[in-house]
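These numbers were taken from a predicted model, which means no experiment stands behind them.
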Amino acid sequence: YPLTINFRVMKIYTKTGDQGETSLANGKRVPKTDTRLEAYGTVDELNSLIGWLRSSMSAQEPAEQLGWIQNKLFNLGASLSEAPGEWITEEDVRRLEQWIDAMQSVLPAQKAFLLPYGSECVTRCHICRTVCRRAERRMTAVDRVDAMELKWINRLSDYLFVQARYIGYMGEGKEEKWQK
């Protein structure tokens, strides 16, 4: 039996943003300079960069983790655009923490600040980490942001830092310390 799926064809251009405003998921019109748009625009930028990072990974497990993270970033964007629902949970935070702990269990103790440097993949991790920190700063400027979402984005930047160390350690075995 053929499977039939009904799609509503959506034009890519709507012309509703031509005057510098856009709609949130709840229908409210806001200027494109609104802090909420800055926040979810930065989350979208991070999602694209994580896709770029993911495309450079050779190991299956981190790539699968990053795919999960990309889906959660879409959830976060939905929440920031005021779509109703529970988008990020305590379980999502715990998952990131478990991945961080697993990677750190094989890494040597960090005893100095490290330069964001290494292979292309390591450097992409660091770029993602810095954009993640910017997304977190943008989110704190928005009124009515879910505390769990702030916790998750904070943990994500930790994950990206540890992922950079882990990839570097497993591949190159070296880290470059900051020299004062």
Side-chain angles (χ1 to χ4, degrees), residues 12 32-33 35-81 87-142 145 148-180:
I12 198 68
K32 290 187 177 185
T33 57
T35 56
R36 187 167 292 281
L37 269 67
E38 283 292 327
Y40 75 70
T42 306
V43 167
D44 186 38
E45 178 185 357
L46 174 60
N47 203 341
S48 295
L49 288 170
I50 287 180
W52 184 51
L53 167 63
R54 189 176 169 199
S55 71
S56 70
M57 295 196 136
S58 56
Q60 187 65 26
E61 186 176 346
E64 288 174 4
Q65 291 175 1
L66 293 174
W68 178 86
I69 288 166
Q70 285 189 287
N71 280 289
K72 291 298 171 182
L73 286 168
F74 264 103
N75 289 1
L76 182 56
S79 177
L80 288 168
S81 71
W87 296 99
I88 301 290
T89 67
E90 183 67 42
E91 178 56 35
D92 297 330
V93 174
R94 277 195 298 275
R95 182 176 284 189
L96 286 176
E97 290 171 346
Q98 290 168 350
W99 290 339
I100 291 167
D101 293 344
M103 288 185 289
Q104 282 194 302
S105 71
V106 299
L107 290 172
Q110 182 185 345
K111 297 178 180 175
F113 286 106
L114 304 173
L115 296 181
Y117 171 78
S119 68
E120 185 171 348
C121 192
V122 168
T123 306
R124 287 181 188 189
C125 277
H126 284 297
I127 291 168
C128 290
R129 173 187 56 79
T130 61
V131 173
C132 188
R133 290 284 189 208
R134 178 164 31 96
E136 182 181 10
R137 291 190 304 272
R138 297 289 190 264
M139 286 172 63
T140 61
V142 175
V145 173
M148 191 60 60
E149 293 168 2
L150 283 172
K151 188 175 183 179
W152 186 83
I153 198 80
N154 181 271
R155 216 59 91 247
L156 178 58
S157 63
D158 296 335
Y159 168 88
L160 291 164
F161 176 75
V162 174
Q163 183 68 263
R165 286 195 69 212
Y166 182 79
I167 292 168
Y169 181 75
M170 298 305 281
E172 301 164 8
K174 65 176 180 151
E175 296 176 319
E176 194 167 327
K177 296 176 185 172
W178 170 48
Q179 302 294 318
K180 185 175 174 186

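Taken from CD1 in Ile50 to CG in Leu160, the straight-line distance is 5.0 Å, to the nearest 0.5 Å. From Gln98, atom CD reaches atom CD of Glu91 across 6.5 Å, with rounding to the nearest 0.5 Å. We find the OG1-CZ distance between Thr42 and Arg133 to be 15.0 Å, quoted to the nearest 0.5 Å.
Screening Thr140, Ile88, Leu76 against Ile153 for a side-chain contact (heavy atoms from CB on, under 4.5 Å) leaves a single residue, Leu76.
For the residue pair Glu149 and Ser79, a side-chain donor N or O sits within less than 3.5 Å of a side-chain acceptor on the partner.
Side-chain atoms of Arg36 do not come within 3.5 Å of backbone N or O of Ser81 as any donor-acceptor pair. Of the possible donor and acceptor atoms, none in the side chain of Glu120 sits under 3.5 Å from a partner among the backbone N and O of Val122. For Arg54 (side chain) and Ala63 (main-chain N/O), a donor-acceptor pair under 3.5 Å exists by modelled atom type. Between the side chain of Asp92 and the backbone N or O of Thr89, at least one donor-acceptor pair lies under 3.5 Å. Arg129 contributes no side-chain N or O that, together with a main-chain N or O of Val162, makes up a donor-acceptor pair within less than 3.5 Å.
Using a 4.0 Å cut-off between a side-chain N of Lys or Arg and a carboxylate O of Asp or Glu, Glu97 and Arg94 do not qualify as a salt bridge.
A tilted orientation is assigned to the rings of Trp99 and Tyr159, their planes being inclined by 30° to 60°.
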